[in-house]
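Taking it in order: structure first as structure tokens, then the write-up.
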Amino acid sequence: MENTKNIRNFVIIAHIDHGKSTLADRLLEVTGTVEARRMRPQYLDQLELERERGITIKMAPVRMSYVQDGEPYMLNLIDTPGHSDFSYEVSRALAAVEGAILLVDGAKGIQAQTLSNLRSARKAGLKIIGAVNKIDLLLPNLQKVIESVAELLDVTTEEIFKVSAKTGSGVTELLRAVIRDVPAPTGSKKETTALIFDSLYDEHKGIIAFVRLFSGSLRAGEEVYLRASHTRFKIKEVGSFMPQLKTIPSLSAGEIGYIATGLKETDLVKIGDTVAKDSTTASLTGYRDPAPVVFISFYPDGDTEFEVLLSSLSKLRLSDPALDVEPESNEALGRGLKIGFLGQLHFEITASRLRDEFGLDFITSFPSVAYRVKDGGREYTVKQAKDFPEHPDQVFQPIIKLEILTPSSYVNQVVGAKTLFSFEVIDIKNLGENVLMVARMPLAELLRDFDDYLKSITAGYASFNYELDGESLAEVQKLEILIAGDVVEALTRVVPRKDIEREARTTAEKLKELLPKQQFTQAIQARTGGKIIARETIAALRKDVTGYLYGGDRSRKMKLWKKQKRGKERLKETARVNLPVEVFRAILKK
């Protein structure tokens with residue numbers, strides 16, 4: 001569109017499961033972007049996994065056309081995820097737009113990620129329009145929710161839009177407000193600069209970069225330059241999201257669309273990079289780099305080969321640059337990849353996508369966090385438990401700041417959880433009928449099913465958001481598992497000192513149940529700091545070596561038994577236990 005004054009770029013932000021995708025469906029209908037016969041729920045959620053879980057995982061851009069008061073408008077919407085693990089997805093979307101609809105579920109009210117997304121949108125300088133969803137349910141507390149959202153945004157209740165994403169009520173009025181209140185993009189037509197905010201891989205077109213043009217224009221056949229990777233290429237195709245990819249002649253300043261690069265090397269196209277026509281053009285200020293906080297190793301299993309796992313992850317990283325991938329090897333499981341994630345859900349979604357979209361089989365290790373270790377005058381970071389020293393001088397662990405939003409009736413239960421999960425409450429604020437509790441907690445504690453526990457003690461009403469908040473001294477130790485005297489590296493973990501004996505006993509007992517018997521006695525030991533703190537023994541298989549003897553002198557049987565015993569002792573000295581893959585699956589199962 002030549003005139004940027006008729007362009008509006010905006011996002012929908014909300015806590016998980018507050019109706020973002022359903023509202024996007026109604027906007028697609030109101031603008032006629034998708035025909036009624038082709039419409040289906042969660043239309044912009046293209047991943048099958050998103051439909052199965054009912055949550056948005058990937059941001060989804062779409063271009064809509066709408067005529068208001070005789071003026072044609074181009075509306076570029078980006079639907080965003082709601083879970084805190086995907087806050088990086090949201091930050092990339094915010095960098096590409098000028099406005100945001102903050103959507104709040106009328107039944108659930110303001111929740112933790114509502115606050116977090118609002119802070120991010122304000123930091124990005126966006127115009128924010130408040131909306132309360134599910135007015136069709138005739139909720140008794142609806143007016144209180146509207147008042148709390150108005151107070152949060154510092155506006156009157158009349159400025160909060162009341163909508164039903166299910167029935168479409170109030171959606172047209174909300175859309176008209178976007179056109180009226182969200183500022184049009186600005187940009188020069190001289191020097192071309194575009195921000196890459198997402199990408200995907202196409203076998204025929206190469207890497208397809210999703211871009212927001214801040215100035216200039218882009219056409220197929222033009223040669224452009226990627227600032228971060230210093231790569232030149234000719235654009236194969238330019239297009240927009242309708243929401244399927246649709247080829248158009250060009251992209252102009254203020255517009256959101258895509259360019260097909262033709263490049264096949266995934267490392268060349270980086271999220272946050274600047275596309276320009278001149279190598280001297282200054283880079284755009286993008287957004288923060290992702291900081292993985294949870295590290296889990298993946299090892300190929302079944303028919304999956306290491307190279308296929310590596311290639312699949314490289315393609316996945318195009319649309320999920322928050323993944324941090326490093327090669328590693330394990331004596332028991334072979335070559336694998338250590339992958340950094342933004343949280344537990346981020347790991348679960350990635351694992352599901354690798355299985356569903358790429359058909360891969362793999363085994364994963366215990367999740368761990370990165371520790372900063374001071375030992376013998378050296379200071380270094382440990383991401384793998386096997387590299388953790390036996391007696392470090394000091395260990396520092398990552399700390400997160402938790403924001404827990406809970407109804408006031410559950411405050412005592414939440415505070416009571418601090419002894420189990422070692423968190424420290426630093427502030428409590430009243431927020432309408434809810435209480436906002438701010439706390440600091442070791443990141444490692446979050447991996448111990450904190451989310452499930454919080455939901456169980458608050459009947460599902462509490463929600464939380466978190467962000468990294470420095471580090472603190474850690475009371476942790478390395479726990480090693482030995483079988484027949486050999487350390488099994490894949491089972492090594494870093495465990496809080498207070499939990500180490502319990503974890504040692506539990507693991508040893510579980511292995512005793514899982515491991516098959518051998519011709520020799522197997523000792524299962526748990527060791528920390530050079531000391532064995534738990535032990536289980538699997539007795540040797542008993543073979544009747546005297547079964548063919550009938551009657552006669554007992555001394556003949558005694559000789560055979562002694563010979564068998566000596567043979568088992570020799571076998572015990574030289575034998576090694578190879579853990580079956582099935583045992584790893586069972587012991588590492590989440």
Side-chain angles (χ1 to χ4, degrees), residues 13-17 20 45-60 79-94 112-113 116-117 120 197-200 271-272 287-298 309 312-326 336-358 360 362-370 383 398 400-403 441-452 454-455 463-469 588-590:
I13 53 176
H15 188 87
I16 190 170
D17 201 28
K20 295 182 309 301
D45 291 343
Q46 299 298 315
L47 299 177
E48 190 62 36
L49 189 60
E50 292 177 306
R51 299 181 175 283
E52 289 175 8
R53 291 188 173 231
I55 61 173
T56 299
I57 297 166
K58 282 294 303 164
M59 71 169 86
D79 185 21
T80 63
H83 194 279
S84 57
D85 276 13
F86 300 104
S87 58
Y88 183 60
E89 284 274 318
V90 178
S91 73
R92 289 152 48 197
L94 297 181
Q113 198 61 24
S116 177
N117 285 335
S120 298
F197 65 89
D198 205 356
S199 61
L200 58 82
I271 303 299
Y287 26 77
R288 60 179 176 82
D289 290 330
V293 294
V294 177
F295 298 89
I296 300 175
S297 296
F298 281 53
L309 177 62
S312 300
L313 272 164
S314 296
K315 293 175 181 177
L316 202 58
R317 285 189 72 234
L318 281 171
S319 60
D320 190 358
L323 293 172
D324 182 69
V325 182
E326 296 178 26
L337 297 166
K338 181 171 82 270
I339 306 176
F341 300 93
L342 299 181
Q344 191 78 2
L345 180 62
H346 189 205
F347 152 67
E348 292 172 10
I349 293 299
T350 302
S352 296
R353 291 187 68 185
L354 286 171
R355 291 190 181 100
D356 298 344
E357 296 176 34
F358 297 93
L360 304 185
F362 46 84
I363 298 171
T364 59
S365 69
F366 292 111
S368 64
V369 300
K383 295 180 181 178
I400 57 174
K401 184 171 79 171
L402 273 172
E403 288 186 332
M441 182 174 78
L443 174 63
E445 295 290 299
L446 191 69
L447 306 183
R448 296 175 48 226
D449 294 326
F450 175 78
D451 192 6
D452 290 342
L454 183 65
K455 288 284 192 291
S463 61
F464 74 95
N465 177 63
Y466 69 92
E467 59 184 27
L468 285 176
D469 189 36
L588 297 173
K589 186 167 60 179
K590 302 292 179 287

Checking side-chain contact (heavy atoms from CB on, under 4.5 Å) for the pair F366/L447: CA distance, chi angles, key distance, verdict? CA-CA 10 Å; F366 292 111; L447 306 183; over 6 Å; no
[X] [atom1] to [Y] [atom2] distance, which is reported to the nearest 0.5 Å:
X	Y	atom1	atom2	result
I400	E467	CD1	CD	10.0 Å
L354	F298	CG	CZ	6.0 Å
S91	F197	OG	CZ	12.5 Å
D469	L443	CG	CG	12.0 Å
I13	S120	CD1	OG	7.5 Å
D324	F341	CG	CZ	10.0 Å

Nearest heavy atoms of [X] and [Y], plus distance in Å:
X	Y	value
A14	N117	O-ND2, 3.1 Å
V294	P367	CG1-CB, 4.0 Å
R355	L360	CG-O, 3.6 Å
F295	A370	CE1-CB, 3.8 Å
S463	A112	OG-N, 3.0 Å

Could you pull out all residues at least two apart from S297 that satisfy side chain to side chain donor-acceptor pair (under 3.5 Å)? E328
What pairs with E326 under side chain to side chain donor-acceptor pair (under 3.5 Å), at least two apart in sequence or on another chain? K338, K383
Using side-chain contact (heavy atoms from CB on, under 4.5 Å) as the criterion, list what pairs up with [X], not counting sequence neighbours.
X	value
L337	F306, L309, L310, L313, V325, P327, I339
K455	D451
S116	Q113, R119, N465

Applying ring-ring contact (aromatic ring centres under 6.0 Å, His included) to F450 and not counting sequence neighbours gives F421, F464
Please confirm whether the backbone N or O of L323 pairs with a side-chain atom of R317, one donor and one acceptor, at under 3.5 Å? yes
